[in-house]
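First the structure, in the form of structure tokens, and then the observations on it.
In each ligand, atom 1 is the first atom listed, and ligand 1 is the first ligand listed. For this chain, numbers begin at 1 and follow the sequence in order. Side chains are part of it too, since the values below use all heavy atoms of this structure and drop only hydrogens, waters and symmetry mates.
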Amino acid sequence: MSKSISIIIPVYNEEKNIPLIYDGLKRVLQRINYEHEIIYVNDGSQDNSDAELLKLRLVDDKVKIIEFSRNFGKEIATTAGINNCQGDACILIDADLQHPPELIYEFLAKWKQGAEIVIGVREKTNSENLIKKIGSFCFYKIINRISATKIIPCATDFRLLDKIVITEFNKFTEKNRITRGLIDWLGFKREYIYFNSPKRINGKASYGFLKLCKLALNSFISMSLFPLKFAGYLGILITLGAGLLGLFIFIEKYIFNDPWGLAFSGPAILAIITLFLVGIILICLGLIALYIANIHGEVANRPIYVIRNKKNFDQVI
Ligand code: UDP
Ligand code: MG
């Protein structure tokens, strides 16, 4: 039996793009040897997207629609698609034509060669402004420094996931999620495909600067404990600094009776004592953070390990 693939498309106010991406996909899908389904996840669109989707559904029974009761955001929409797909692999693709459907050939070729995850990486971001570019540069620098999972800059959501990855992905229970981050966390054999992302023609990108900042903050929090521990590190630094300075003043002023004539004033000494105590409070916060980190890990409830396959376990002892 030939293998099957599921195409998953999150849709938020894309009425003009829905027929276009459908045509683009169909052109590709007709020329490959796989069965397919196309899952549109309508993420609470307020325009005519639902009517456009119904039109497609009437002419093509490969089209499946998941309709959200309101807008839940792209991360949740893709999750719903992955949870409900039936193919031996799924391909996540944006509705706004910024992920060229023709690349699916390459995705499938890599999959056939044994890749379990294929990731589309944007080469040029000609459509974005300077602030977004600087923002994304800093984001990847920081997150790669502070998180255990390595993330390639400009890796997009344009991805193919093998069934084995889908099964593991479906085990995640955390609510506040970044789909990309979770997939990266899973590991597995990955391949990359580089592509130029064209400008969005119809509609507008719903991820503005603020929404992107929120996403970045969310990624930091869910992928790394560094922000939590930061207060503690700061505390250690301040306590050490203030402590050494205090010791110096004590020895210089009270033991040797100010041989260098520095004449530290009362307020200066008071300031250093205060600083020292602030440092200690920050260290305590850092300690509490460690416990919260523990709780965070337990609540996120990620699988403690991920198995690719097991060999010879049907053998009875
Ligand atoms: N999208 C969604 N829910 C949202 C925002 C966006 O399902 O709340 C979909 C949108 O329809 C598109 C994809 O996510 O198919 C990418 O959205 P967008 O182009 O706004 O993001 P960007 O290209 O800037 O990453
Ligand atoms: Mg887009």
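- Under 4.0 Å from ligand 1, the heavy atoms of Glu14 that appear belong solely to its side chain.
- Per-residue contacts place Gly73 under 4.0 angstrom from the following atoms of ligand 1 (heavy atoms of the residue considered): 3 (N), 8 (O).
- Among the atoms of Ser197, no N, O or S atom falls under 2.8 Å of the Mg ion (ligand 2).
- The nearest N, O or S atom of Asp94 is not closer to the Mg ion (ligand 2) than 2.8 Å.
- Taking 4.0 Å as the cut-off between side-chain N and carboxylate O, Glu102 and Arg27 do not count as a salt-bridged pair.
- Distance check, rounded to the nearest 0.5 Å: CD1 of Ile281 to SG of Cys284 gives 7.5 Å.
- For ligand 1, the atoms sitting less than 4.0 Å from at least one non-hydrogen atom of Asp43 are 2 (C), 3 (N), 4 (C), 7 (O), 8 (O), numbered in the order shown with element in parentheses.
- Put simply, the residue from Ile18, Leu25, Asn42, Ile91 that forms a side-chain contact (heavy atoms from CB on, under 4.5 Å) with Ile9 is Leu25.
- For ligand 1, the atoms lying closer than 4.0 Å to a non-hydrogen atom of Asn71 are 3 (N), 4 (C), 8 (O).
- Atom numbering of ligand 1 starts at 1 in the shown order; those under 4.0 Å from a heavy atom of Gln98 are 19 (O), 23 (O).
- Salt bridge status for Glu168 with Lys171: present, with a side-chain N to carboxylate O gap under 4.0 Å.
- Seen from the Mg ion (ligand 2), atom OE1 of Gln98 and atom OD2 of Asp96 lie 100° apart in angle, a value rounded to 10°.
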